[in-house]
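The sequence lines fix the lettering, A, B, ..., with proteins before strands; numbering per chain opens at 1. Keep in mind the model is a prediction, meaning the values are calculated, not measured.
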Amino acid sequence: MDAGRLNQTLSEMAARAMREALGLESPNPELRPATDARFGDYQINGVLPLAKELKENPRKLAEKVVAALDTGGICLAPEIAGPGFINLRLDPAWVATALGAAAADARLGVAPVGDPQSIVIDFSSPNVAKRMHVGHLRSTVIGDALVRTLKFLGHTVVGDNHLGDWGTQFGILIWAWKRERDEAALAADPIGELERLYKLGTERGKADPEVAEACRQELAKLQAGDAENKALWERFVAISKEAAATVYERLEVEFDAWHGESFYHDRLHGVVEGLLERALAVETQGAIGIFFDEPGLPETPYLIRKSDGAFLYATSDIATVEYRLEAYGADRIIYVVDVRQSDHFRQLFATIRKMGYDVKMEHVGFGMMLGADGRPFKTRDGGTVRLDSLLDEAEARILPLVTERWPDASEEEQRAIARKVGSGAVKYADLAQNLTTDYKFDWDKLLAADGNTGPYLQYTLVRCASVFREHVARFGAEFAVDGSPLRLEADEEKELAFFLVRLGDTLERVGEQLRPHILCEYLYALARKFNAFYAKCSILGADDEATRRSRLTLVQATYRTFEIGLSCLNIPRVSRM
RNA sequence: GCGCCUGUAGCUCAGUGGAUAGAGCAGCGGCCUUCUAAGCCGUAGGUCAGAGGUUCAAGUCCUCUCAGGCGCGCCA
């Protein structure tokens, strides 16, 4: 029995019962977590819709299903309620045994999936010659969380940083570099100088058509393979990657591939020719584009070649899909990109379907980051907020609290904790909200130690760690879980234990729906249940040894759940704060 | 003009067609002699933007209206 995926296990059992009792081929049991604790832990809703179809009283149908239902000891006897719901209660004895055993397992009983998929996740993707700013935060943090969660579930995942390292901006940059670069500034702050040059080149180009033409010439030379320009381009890319790497290091984000747009450069010509040959793309006003006649898709064509012969973003994205199919045998490709690009992705996905490829493609689109005032998040003078300064500020705001709470730690330790709590808070605030809407960034809210915040979860983990430290102090040895059943007596113990067995269900849902906030909600609810248990039940001071061992095992299971959950979200763990 | 997204408690947000819509913050009232009080417990707060419709059942699905955000051929 897979104790890690209860929803799936019980759903299969319910489906079997419905098949046998009602003679249906593929019934949908609609098994869900109960909407209210009074109704038990899970409910089967699938009988109700069948009443009309089978022309029978829904409660009678439910009775037949219940008679055929065998949960193998996971649940107590099912109850029929209301118009025909079947309510399932987990058997406390089963929970006590299953969780007692799972606490000894590093994966808390959540086995890797039996049929792993090959999944590519395209995320972060900063542009060359631009410093990473808050606009990159959501893609980076959400993409990273999806990579880690899907990997934990057992899939083969490639997290790919699809850098914007090719395109018209390089003509401008090369032009400005050749005339305006400041070597001193370049040595002191390479990416800052590139950013300045790019801005300068863009302004000059707008003001002066001759400059714009000169930029195009530089671009043409680069594309033709001119040695000097190619060397410059390589240098720009190296500087930009290095700057991005510093931010990734602070966020502890890693990629499996860094295949920027330039990586696909050689394929673009073939992509366009292939689409023309198959008449999927046509010439339109001198350019080449693909037209769609599908509801929900823009009427404007998806352009893959400009009238001047240059390729576009779309061309490169098509080539990228083909590469991912060839190189990774991708079953699923996920783009974690700003929702404003949803038209582009709808057209891309439609193109891939027209080309006949069989791959599941999803756009995880997220909203903008707004300030607490509801307007786009900017610095006081209206500039974009740099990602590194955002992390600096988080750290600076947390540090006084750490020094106050833990004055005897070394300054180095205090800074290390402030760094982890600060970046964890920033990341968690981003992950905890549903993706689709714009997200309001509010320092006071995200750094608060209560409510649904990173610090609250980290603090809860600290409490678990603290119990184990105190155990060593009092009993002279580390506590070791032995896998024996728990003893669940207090309401707080039961609630905690019954919730801990839902980790697998939760991770499964995140993997399906690609919404990390589902995991955040779960961990937050878990933290609340743990803290209620912690306040009510003395752990080390329990009345007898058996209760103490059982409670310590509960702490251990909670600790492991946080380790797994926070590591999937990539929120740093601390053992003190 | 066309398309996409959003509208739930004073504020910030959850809510998988299912039973009496939930959290946090802010407010009010309690709890440290005891494993970290960055915590816990209690209390109060709702025309789910509005109107129709589908359904045994609608905050959730469909249509329209209103309000806000975003996007709409050779940028990425």
Taking CD1 from A:Ile518 and P from B:A14, how many angstroms apart are they, rounded to a whole number?
-> 11 Å

Using 4.0 Å as the upper bound for N to carboxylate O, is an ion pair formed by A:Asp36 and A:Arg38?
-> yes

If you pin A:Val462 and A:Arg346 to their nearest nucleotides in RNA chain B, which one's is more 5'?
-> A:Arg346

With syn meaning chi within 90° of zero and anything else anti, the base of B:C32 is syn

Residues A:Lys427, A:Asp430: salt bridge by 4.0 Å N-O rule | no

Expressed in whole Å, how much space separates the P atoms belonging to B:U60 and B:G52?
-> 14 Å

Which base sits across from B:C70 as a Watson-Crick or G-U pair, both distances under 3.5 Å?
-> B:G3

With sugar-phosphate meaning primed atoms plus P, OP1 and OP2, does A:Leu312 contact a base, only sugar-phosphate, or nothing at under 4.0 Å between heavy atoms?
-> sugar-phosphate

Among the candidates B:A19, B:C70, B:C4, find the nucleotide nearest to the side-chain atoms of A:Ser342.
-> B:C4

Counting only side-chain N and O atoms of A:Gln285, is one of them less than 4.0 Å from OP1 or OP2 of B:G73?
-> no

Considering only the P atoms, how many Å lie between B:U16 and B:G53, rounded to the nearest integer?
-> 25 Å

Considering only NZ, NE, NH1 and NH2 on the basic side and carboxylate oxygens on the acidic side, decide whether A:Arg576 and A:Glu413 come within less than 4.0 Å.
-> no

Is the phosphate of B:U12, meaning OP1 or OP2, less than 4.0 Å from a side-chain N or O of A:Lys440?
-> yes

Would you kindly check whether a donor in the side chain of A:Glu521 faces an acceptor in the base of B:A23, or vice versa, at under 3.5 angstrom?
-> no

Side chain of A:Gln43 (C-beta onward), nearest among B:C41, B:C35, B:G18 = B:G18

Determine the contact category for A:His517: base if any of its heavy atoms lies under 4.0 Å from a base atom, sugar-phosphate if only primed atoms, P, OP1 or OP2 are that close, otherwise nothing.
-> sugar-phosphate

Contact class for A:Asn434 vs. all strands (heavy atom < 4.0 Å): base, sugar-phosphate, or nothing?
-> sugar-phosphate

Checking all strands, does A:Ala432 fall into the base, sugar-phosphate, or nothing category for heavy-atom contacts under 4.0 angstrom?
-> nothing

Side chain of A:Lys445 (C-beta onward), nearest among B:U12, B:A76, B:C72 | B:U12

Rounded to whole Å, the CZ-P distance (A:Arg32 to B:A57) equals 18 Å

Whole-Å distance, A:Asp444 CG to B:G24 P, equals 19 Å

Neighbour count above 12 (heavy atom, 6.0 Å) for A:Lys199 NZ | no

Give one of base, sugar-phosphate or nothing for A:Ala535, where a contact means two heavy atoms less than 4.0 Å apart.
-> sugar-phosphate

Closest nucleotide of RNA chain B for A:Thr437 versus for A:Val467: which of these residues is on the 5' side?
-> A:Thr437

Looking for any heavy atom pair under 4.0 Å, which part of the strands does A:Thr35 touch: base, sugar-phosphate only, or nothing?
-> base

Distance, rounded to the nearest Å, where A:Asn28 contributes CG and B:G18 contributes P = 12 Å

If you look at every strand shown and take non-hydrogen atoms under 4.0 Å, does A:Tyr456 touch a base, only sugar-phosphate, or nothing?
-> sugar-phosphate

Watson-Crick or G-U wobble partner for B:U55, using a 3.5 Å limit on both distances?
-> none

Could you state the CD1-P distance from A:Ile539 to B:C40, rounded to the nearest angstrom?
-> 14 Å

Is A:Tyr439 near enough to B:C13 that one of its side-chain N or O atoms lies under 4.0 angstrom from OP1 or OP2?
-> no

Answer with base, sugar-phosphate or nothing: what part of the nucleic acid does A:Ser538 contact at a heavy-atom distance below 4.0 Å?
-> base

Short side-chain N/O contact from A:Arg528 to OP1 or OP2 of B:G24, under 4.0 Å = yes

B:C75 to B:C5 separation - P atoms, rounded to the nearest Å | 27 Å

Output yes if the stacking criterion (under 5.5 Å between centres, under 30° between planes) is met for A:Phe39 over the base of B:A19, else no.
-> yes

Quantified in whole Å, what is the C1' atom distance between nucleotide B:G1 and nucleotide B:G18?
-> 41 Å

What integer number of Å spans the P atoms of B:A67 and B:A21?
-> 30 Å

Within the structure shown, what part of the strands sits under 4.0 Å from A:Arg340 by heavy-atom distance: base, sugar-phosphate, or nothing?
-> sugar-phosphate

Is A:Arg463 salt-bridged to A:Glu470, cutoff N-O under 4.0 Å?
-> no

Does any N or O in the side chain of A:Ser139 come within less than 3.5 Å of the main-chain N or O of A:His136, such that one atom is a donor and the other an acceptor?
-> no

Watson-Crick or G-U wobble partner for B:U34, using a 3.5 Å limit on both distances?
-> none

Of the nucleotides B:U6, B:G39, B:U20, which one has an atom closest to the side chain of A:Arg463?
-> B:G39

Report yes if a donor N or O on one partner sits less than 3.5 Å from an acceptor N or O on the other, where the partners are the side chain of A:Asn87 and the base of B:A19; otherwise report no.
-> yes

Hey, is CZ on A:Arg415 packed in by over 12 heavy atoms from elsewhere, all under 6.0 Å?
-> no

Check every strand shown and say whether A:Cys520 touches a base, only sugar-phosphate, or nothing at a heavy-atom separation below 4.0 Å.
-> nothing

Gap between atoms CG and P, on A:Asn161 and B:A76 respectively (whole Å) = 18 Å

Touch class at under 4.0 angstrom, heavy-atom based, for A:Asp450 against every strand present = sugar-phosphate

Under a 3.5 Å limit on both distances, the Watson-Crick or wobble mate of B:A23 is B:U12

Separation of the P atoms in B:U6 and B:G45, to the nearest angstrom = 30 Å

Main-chain N/O of A:Ala372 paired with A:Asp442 side-chain donor or acceptor, under 3.5 Å = no

Pair A:Arg89 + A:Glu79: basic N to acidic O under 4.0 Å = yes

Atom NZ of A:Lys52 and atom C1' of B:U54: how far apart are they, to the nearest Å?
-> 11 Å

Compare the minimum distances between each of B:G18, B:A76, B:A19 and the side chain of A:Pro49, then state the nucleotide with the smallest one.
-> B:G18

Whole angstrom value for the distance that separates P of B:U34 from NE2 of A:His471 = 21 Å

Same-atom distance (P) from B:A23 to B:A14, integer angstrom | 16 Å

Within the structure shown, what part of the strands sits under 4.0 Å from A:Gln458 by heavy-atom distance: base, sugar-phosphate, or nothing?
-> nothing

Contact class for A:Pro298 (heavy atom, under 4.0 Å): base, sugar-phosphate, or nothing?
-> nothing

For A:Thr453, answer base if it contacts any base atom (sugar-phosphate contacts may also be present), sugar-phosphate if it contacts only those atoms, and nothing otherwise; contact means non-hydrogen atoms under 4.0 Å.
-> nothing

Any-strand Watson-Crick or G-U partner of B:G45, both distances under 3.5 Å | none

Under 5.5 Å between ring centres and under 30° between planes: does that hold for A:Tyr524 against the base of B:A23?
-> no

Test log, rule ring pair (Phe, Tyr, Trp, His ring centres under 6.0 Å), inputs A:Tyr335 and A:Phe345 | CA-CA 9 Å; A:Tyr335 297 83; A:Phe345 286 111; 4.8 Å; yes

When you compare B:G59 with B:G22, how far apart are their C1' atoms, in angstrom units rounded to a whole number?
-> 12 Å

From the candidates B:A76, B:U34, B:C5, the one with an atom nearest any side-chain atom of A:Thr436 is B:C5

